[in-house]
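The structure appears below as C-alpha cells.
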Amino acid sequence: MNSSQKAEASVYDVIVVGSGAAGMAAAITACLEGLSVLLLEKTEHIGGSTAISGGAIWVPMNDQAEKLGHPDSEAKVWEYLGNVLGDIPDRGQMQAYLQQGPQALAYLEKNQAIRLNGRSYSPDYYPDRGGASMGGRALDPAEFDARALKQHFRELRNPLPEFTVLGGMMITLTDAKHLLRVTKSLESWRHGVKLVLRYFSDRLRGYHRGTRTLLGNALAARMFARLLELKIPFRTHANVSQLLQDDSAVPGRVTGVELQVVAGRERIHARKGVVLATGGFPWNPAMREAHYPHPTGPYSMSPMGNTGDGIQMAQRVGGHLGQSNSSPAFWAPISVLKRADGSELRYPHLVWDRAKPGLIAVNAAGFRFVNESTSYHEFVLAMYAAHKQSPSIPAFLLCDSDFVETWGLGLALPGGRPRDHLVKAGYLFKAESLDALAAKAGIDAQALQVTVQRYNSGAQMGEDPDFGKGSTAYNQYLGDPEHQPNPCLAPVMKAPFYAVKVYPGDIGTALGIQADAHARALDAYGKPIPGLYVAGNDQNSVMGGAYPGPGITLGPALTFGWAAAMHMAHGSTEKA
C-alpha cells in the first residue's frame with residue numbers, strides 16, 4: 001500500500017476509483033464540501049490518462065472566453081454541436097455539461113485544484129461549420145513546478161516520451177520551435193538555454209526527470225498537489241474487483257467496494273457513493289473486439305491499466321452502455337517502433353507533423369485518401385472508410401528530406417539527428433527515389449508516382465483540389481505560418497524520401513456507462529443506480545464519440561467529476 005496518510009478507516013463518505021482528472025476532481029470537491037474521501041488507484045502512479053495527455057480542456061462559455069475576445073453563447077454552441085454531432089446523443093446531459101462546465105472550472109480554480117490559460121486563438125476542429133469559434137473555448141493547464149510534490153513526485157505518472165527531450169525535459173510546441181531555432185535567433189537561444197539549465201539543475205538535484213510539468217502532466221501534478229494538501233487518503237496498487245450493494249435501505253444501492261489484496265479480500269464502505277473513473281477500456285481485448293471496428297490494434301496511447309474495470313463493475317450492478325455513439329473511441333493515427341527486446345513504442349501523430357507543408361498520406365495502393373491536416377480523429381475515420389475500398393490499414397505518412405530536416409517524422413527527429421536506428425528497426429523507410437521507397441514500404445510504385453506528381457502540381461501553387469489540405473483555419477493553425485501561400489502545402493521533391501506506417505490508434509474510449517446530469521450511472525431503463533457515479537472515460541461520452549474540439553475528454557471529466565461530488569454533498573450541483 002502507498003498512501004498520503006494511512007487509510008485505516010473502513011468507512012468513508014465517498015470512494016473514488018481512478019486518479020485521473022475526473023477522479024481527482026471528484027475527490028477534491030467532495031473533501032472541500034466536507035465529506036470524507038478515499039481515492040483508490042489500480043496502478044503504481046497517480047494521474048491516469050490525464051498525466052500523459054496534451055491537457056487541453058474544451059469548455060464553451062468559460063470565464064476567460066470573452067476576455068480573450070471570443071464572446072460565446074449557448075445558441076452558438078448548440079449550433080456548432082448540431083453541425084458536428086448531428087443528432088445530439090443525449091441532449092439533457094449535453095445541457096448539463098454546457099451549464100455545469102464553467103461552474104466546475106470556476107470552482108476548481110477558486111479552490112486551487114486547477115489553473116488554466118485560455119487560448120486566444122484556437123479554432124474548433126470544424127471551423128467552417130456554423131457556430132464554430134476561433135478561440136476561447138479551449139484552455140490549457142498552466143505550467144506547474146512539481147517540486148511542490150516533494151517525495152511524491154515519483155508517484156506522478158510520467159508524460160509520454162514524445163512530450164520530452166533530453167531524457168525527461170517536458171516541452172510545448174512553442175518550446176520545440178525555439179529549440180529548433182537556437183542557432184538562428186537570440187530570443188530562441190535564450191529560451192532554450194533557460195529550459196536546459198532548469199532541467200539539468202533538476203537532474204543534478206536527484207530528480208528522475210524535469211520538475212517543470214506542462215500539458216496534461218501539469219494538470220495532474222497540480223491536482224495531485226492539492227489532494228496532498230487536503231490530506232485526502234489515497235492508495236496505489238489498489239485493485240478494486242467489485243462493487244458492494246445493500247438492499248436493506250434502498251434496493252440495489254451501491255455501498256462500497258471490494259479490493260483484491262495479498263491476504264484475500266478487503267471491503268471498504270461508502271456512505272454517500274462510489275465514483276468510477278478508471279479510464280475506459282482501450283486495453284481490454286474482449287471489449288475492443290466487441291465494440292471497435294476491424295481491424296483493431298491494440299494501438300492505444302492510454303495507460304495499459306485502462307482495461308475497462310470500472311465499466312464492467314458498473315455493468316454487473318445494472319449499468320447500461322451508451323447505444324448511439326458515432327465512434328467507440330477517440331481516434332489518432334499511431335506509428336509503432338518494435339524494439340529489439342520485443343516491446344513497442346507508440347507515437348501519436350496528433351498535431352506536429354501531419355499538417356506541415358510537404359507531407360502526404362497514402363495507402364498501400366499508392367493513393368491519398370484524406371486531408372492530412374484534418375483532426376487526428378477524422379484522419380482515422382478516413383483510414384477506416386478508405387480501407388473498405390482499398391488497403392489503407394496501415395497507411396503511410398510520406399515526405400522528403402527537406403521536411404524531415406525541418407519537422408521530423410514521428411520518432412525521426414529533425415535537424416540532422418540520427419535516424420539509421422529507426423531504419424534498421426523497420427520503423428522508418430528511407431530511399432533515394434519514390435520507386436525504391438515504394439518497394440521497401442509495400443506501396444504500388446506506379447500509383448505513388450502519379451499521386452505525388454498530382455499533389456506537387458497543386459502544392460506549388462498552394463492548392464490541394466483533391467482533399468483541401470490547408471483549406472480551413474484549423475488546418476492553417478497547425479501548419480507553418482511562415483510558409484506561403486499555403487501553410488500546409490509544399491512539394492515532395494528532394495531525395496532521400498521517407499515514410500512511416502500509421503495504424504488506427506486511439507487516445508481513449510468514448511463508449512461508457514450512460515449517466516445523468518449529476519454523473520449518476522443509469523440502468524437500461526434510464527433510472528439512476530443509487531450510490532453509483534461514473535466520470536471520465538467510464539462515462540459514455542457526452543459527445544457521443546465525436547470530436548468537435550481540443551479537450552472534449554478532459555472538459556467533461558472535470559465537469560462530471562465535480563458534479564458527482566456536489567450531488568453527493570448536497571443532492572444537486574447548484575451550490576458552487
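The model shown is predicted, which means the values in this text are computed figures rather than measured ones.
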Quiz item: Under the side-chain contact (heavy atoms from CB on, under 4.5 Å) criterion, do Y199 and V196 qualify, and how do the steps go?
Solution: CA-CA 5 Å; Y199 172 64; V196 172; 5.6 Å; no
Quiz prompt | Nearest-0.5 Å distance that lies between atom CG in L98 and atom CG in D72 | solution = 9.5 Å
Self-check item: Residue pair R137 / V77: nearest heavy atoms and the distance that separates them
Solution: NH2-CG2, 3.7 Å
Quiz item: For G505 and I334, which heavy atoms make the closest approach, and how far apart are they?
Solution: CA-CG1, 3.4 Å
Quiz item: Counting N and O atoms only, with roles assigned by atom type, does the side chain of N486 sit under 3.5 Å from a partner on the main chain of E463, one being a donor and the other an acceptor?
Solution: no
Quiz item: Measuring from F369:CZ to H387:NE2, what's the distance to the nearest 0.5 Å?
Solution: 11.0 Å
Quiz item: Relative to each other, are the rings of H208 and F153 parallel, tilted or perpendicular (30° and 60° limits)?
Solution: tilted
Quiz prompt | CD1 on I171 to OG1 on T164, rounded to 0.5 Å | solution = 8.0 Å
Quiz item: How close do F144 and A225 get, heavy atom to heavy atom, and via which atoms?
Solution: CZ-CB, 3.7 Å
Practice problem: For atom CZ of R115, decide whether the heavy atoms of other residues, nucleotides or ligands shown that lie under 6.0 angstrom number more than 12. | Solution: no
Exercise. Test side-chain contact (heavy atoms from CB on, under 4.5 Å) on H421 and L411 and set out the steps.
Key: CA-CA 11 Å; H421 66 293; L411 294 171; over 6 Å; no
Exercise. Any chance you could lay out the side-chain hydrogen bond (donor to acceptor under 3.5 Å, both in side chains) test for S188 and H178, step after step, and finish with the verdict?
Key: CA-CA 5 Å; S188 292; H178 279 299; 2.8 Å; yes
Self-check item: Shortest non-hydrogen separation from P141 to L116 and the atoms involved
Solution: CA-CD2, 3.9 Å
Quiz item: Is the W58 ring parallel, tilted or perpendicular to the Y80 ring (thresholds 30°, 60°)?
Solution: tilted
Practice problem: Over 60° means perpendicular and under 30° means parallel, so classify the ring planes of Y347 and H349, tilted if in between. | Solution: perpendicular
Quiz item: Just how far is it from atom OG1 of T406 to atom CG of D480, taken to the nearest 0.5 Å?
Solution: 8.5 Å
Exercise. Identify whether the distance between the nearest side-chain nitrogen and carboxylate oxygen of D63 and K110 falls below 4.0 Å.
Key: no
Quiz prompt | Any side-chain donor near an acceptor of the partner, T211 and R198, under 3.5 Å | solution = yes
Quiz item: Quick check: does any side chain N or O of T559 sit under 3.5 Å from a backbone N or O of P556, one acting as donor and the other as acceptor?
Solution: no
Practice problem: Identify the heavy atoms of A365 and D444 that sit nearest to each other, and give their distance. | Solution: O-CB, 3.4 Å
Self-check item: Beyond-backbone contact of H45 with I52, side-chain heavy atoms, under 4.5 angstrom
Solution: no
Quiz item: Are side-chain heavy atoms of L215 and D140 found at a separation under 4.5 Å?
Solution: no
Quiz prompt | Side-chain (N217) to main-chain (R157) donor-acceptor, under 3.5 angstrom | solution = yes
Exercise. Return yes if some donor-acceptor pair links the side-chain N/O of R222 with the main-chain N/O of I114 below 3.5 Å, else return no.
Key: no
Exercise. Say whether, by atom type as modelled, one donor and one acceptor occur between the side chain of N456 and the main chain of Q453 under 3.5 angstrom.
Key: no
Practice problem: Kindly give the heavy-atom pair with the smallest separation between L179 and G192, and that separation in Å. | Solution: CD2-CA, 3.8 Å
Quiz prompt | Given Y292, Y299, Y547, the one that forms ring-ring contact (aromatic ring centres under 6.0 Å, His included) with W331 | solution = Y292
Exercise. Decide side-chain contact (heavy atoms from CB on, under 4.5 Å) for N306 and N537; before the verdict, give the C-alpha distance in whole Å, the side-chain angles of both, and the deciding distance to 0.1 Å.
Key: CA-CA 10 Å; N306 294 5; N537 287 358; over 6 Å; no
Quiz item: Nearest 0.5 Å, what's the OG1-CG distance between T374 and L478?
Solution: 10.0 Å
Exercise. Establish, from distance only, whether the side-chain atoms of Q449 and D435 form a donor-acceptor pair under 3.5 Å.
Key: yes
Self-check item: D341/R339 ion pair, N-O < 4.0 Å
Solution: no
Exercise. Please examine the side chains of D124 and P548, heavy atoms only from C-beta on, and report whether any two atoms are closer than 4.5 Å.
Key: no
Quiz item: So does E405 pair up with R419, basic N to acidic O under 4.0 Å?
Solution: yes
Quiz item: Where the side chain of T50 meets the backbone of A220, is there a donor-acceptor pair that is under 3.5 Å apart?
Solution: no
Quiz item: What's the verdict on side-chain contact (heavy atoms from CB on, under 4.5 Å) for M301 and R346, showing C-alpha distance, side-chain angles and the deciding distance?
Solution: CA-CA 7 Å; M301 297 308 303; R346 291 169 292 278; 3.6 Å; yes
Quiz prompt | pair D464-S471: side-chain heavy atoms closer than 4.5 Å | solution = no
Practice problem: Count the heavy atoms belonging to other residues, nucleotides or ligands that lie under 6.0 Å from CD of Q484, then report whether that count exceeds 12. | Solution: yes
Quiz item: Under 4.5 Å between any side-chain heavy atoms of F200 and M169, yes or no?
Solution: no
Practice problem: Please check if the side chain of K469 supplies one atom and the backbone of K356 the other of a donor-acceptor pair under 3.5 Å. | Solution: yes
Quiz item: Does any N or O in the side chain of Y498 come within less than 3.5 Å of the main-chain N or O of A412, such that one atom is a donor and the other an acceptor?
Solution: no
Practice problem: Would you check if R205 and R147 make a side-chain contact, meaning some heavy-atom pair closer than 4.5 Å? | Solution: yes
Exercise. Please confirm whether the backbone N or O of G210 pairs with a side-chain atom of D202, one donor and one acceptor, at under 3.5 Å?
Key: no
Exercise. Report yes if the side chains of T472 and N371 come closer than 4.5 Å at any heavy-atom pair, otherwise no.
Key: no
Self-check item: Whether S49 side chain and S302 backbone form a donor-acceptor pair below 3.5 Å
Solution: no
Quiz item: Strictly under 6.0 Å, is that where the ring centroids of F163 and W352 end up?
Solution: no
Exercise. State yes or no: are the ring centers of Y376 and Y125 separated by less than 6.0 Å?
Key: yes
Exercise answer: donor-acceptor pairs, residues 126-134 side-chain atoms, under 3.5 Å, sequence neighbours excluded:
| from | atom 1 | to | atom 2 | distance (Å) |
| --- | --- | --- | --- | --- |
| Y126 | OH | E378 | OE2 | 2.5 |
| R129 | NH1 | N83 | O | 3.0 |
| S133 | OG | G135 | N | 3.2 |
| S133 | OG | G135 | O | 2.6 |

Quiz item: Rounded to the nearest 0.5 Å, what separation is found between the OG atom of S335 and the CG atom of L422?
Solution: 9.5 Å
Quiz item: Are W407 and L359 close enough that some pair of their side-chain heavy atoms sits under 4.5 Å apart?
Solution: no
Quiz item: Is it the case that more than 12 heavy atoms not belonging to E74 sit under 6.0 Å from its CD atom?
Solution: yes
